[in-house]
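Small disclaimer: the values here were computed from a predicted structure and weren't measured. Hydrogens, waters and symmetry mates are skipped; everything else that's a heavy atom, side chains included, is used.
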Amino acid sequence: MKNQYTKLQQGFTLIELMIVVAIIGILAAIALPAYQDYIARAQMSEAMVLADGLKSPVSEYFGQTAVCPSNAAASLTSGGITIPPTSISGKYVLSVTAGGAADATGAGCTIVSTMRATGVSTGIISTTLTLTMGATVGTGSTSWTCISTAPQKFLPSACTGT
């Protein structure tokens with residue numbers, strides 16, 4: 001009776017443990033790159049959110065002055081519309097700048113978000129996300145296109161990439 005009891009308490013074999021370790025290794029090898037891409041996408045979404053915040057002021061400023069606003073040095077105000085200075089930044093975004101040169105229809109004003117050189121995912125270091133205003137005169141609405149120097153897999157779905 002004693003021999004039968006000790007046989008039940010032997011535990012796992014070395015092969016069983018090695019199989020479990022191999023399975024965990026395979027899952028980690030698949031999950032880690034996917035998680036890193038997810039983190040980079042989240043960081044790039046900050047660039048889009050900060051740039052989106054300037055869409056209305058840039059559109060309104062152009063509508064009043066027929067000139068693309070530039071916030072390169074300091075905040076810019078016209079008719080109660082204020083374009084904040086380049087101090088717009090985030091945890092992963094170095095700066096958000098408005099500028100560009102519009103044609104007679106308004107196409108060409110830009111908002112550029114520049115990612116930081118450190119503290120961001122490897123694939124998006126120092127990349128830019130640029131929103132460009134489309135023609136506004138005669139259309140009754142403002143459209144924006146998005147391009148970026150970052151790989152497409154890291155961009156929000158509203159941005160087409162390069």
Using modelled atom types and a 3.5 Å cut-off, is there a donor and acceptor pairing between side-chain atoms of [X] and backbone atoms of [Y]?
X: Q36; Y: S121; result: no
X: Q152; Y: C159; result: yes
X: T128; Y: T130; result: no

What distance do [X] atom [atom1] and [Y] atom [atom2] have between them, rounded to the nearest 0.5 Å?
X: I124; Y: S148; atom1: CD1; atom2: OG; value: 9.0 Å
X: T132; Y: I147; atom1: OG1; atom2: CD1; value: 5.5 Å
X: R116; Y: E46; atom1: CZ; atom2: CD; value: 8.0 Å
X: I111; Y: D52; atom1: CD1; atom2: CG; value: 8.0 Å
X: T114; Y: L50; atom1: OG1; atom2: CG; value: 11.5 Å
X: L155; Y: T127; atom1: CG; atom2: OG1; value: 8.0 Å

Next on the checklist: A side-chain contact here means heavy atoms from C-beta on lying under 4.5 Å apart; do V58 and W144 qualify?
Outcome noted: yes
Checklist entry - Is the shortest heavy-atom distance from the side chain of M44 to the side chain of L129 under 4.5 Å? => result yes
Can you give me the closest heavy-atom contact between [X] and [Y], atom names plus distance?
X: L54; Y: A98; answer: CD1-CB, 4.5 Å
X: P156; Y: M48; answer: CG-CB, 4.0 Å
X: P151; Y: G123; answer: CD-O, 3.5 Å
X: M115; Y: V120; answer: CE-CG1, 4.4 Å
X: G100; Y: T110; answer: N-OG1, 3.7 Å
X: I125; Y: A117; answer: CG2-O, 3.4 Å

Return all side-chain donor-acceptor pairs below 3.5 angstrom for residues 15-27, not counting sequence neighbours, or 'none' if the list is empty.
residue : atom : partner : partner atom : Å
E16     : OE1  : T13     : N            : 3.0
E16     : OE1  : T13     : OG1          : 3.4

Checklist entry - Given K55 and T142, is the side-chain contact (heavy atoms from CB on, under 4.5 Å) satisfied, shown in steps? => result CA-CA 9 Å; K55 280 182 179 179; T142 304; over 6 Å; no
Next on the checklist: Would V96 and S113 count as a side-chain contact (heavy atoms from CB on, under 4.5 Å) here? Give the steps.
Outcome noted: CA-CA 4 Å; V96 180; S113 293; 3.6 Å; yes
Next on the checklist: With clusters defined by side-chain heavy atoms of hydrophobic residues (ILVMFWY) lying less than 4.5 Å apart, directly or transitively, does F62 cluster with V112?
Outcome noted: no
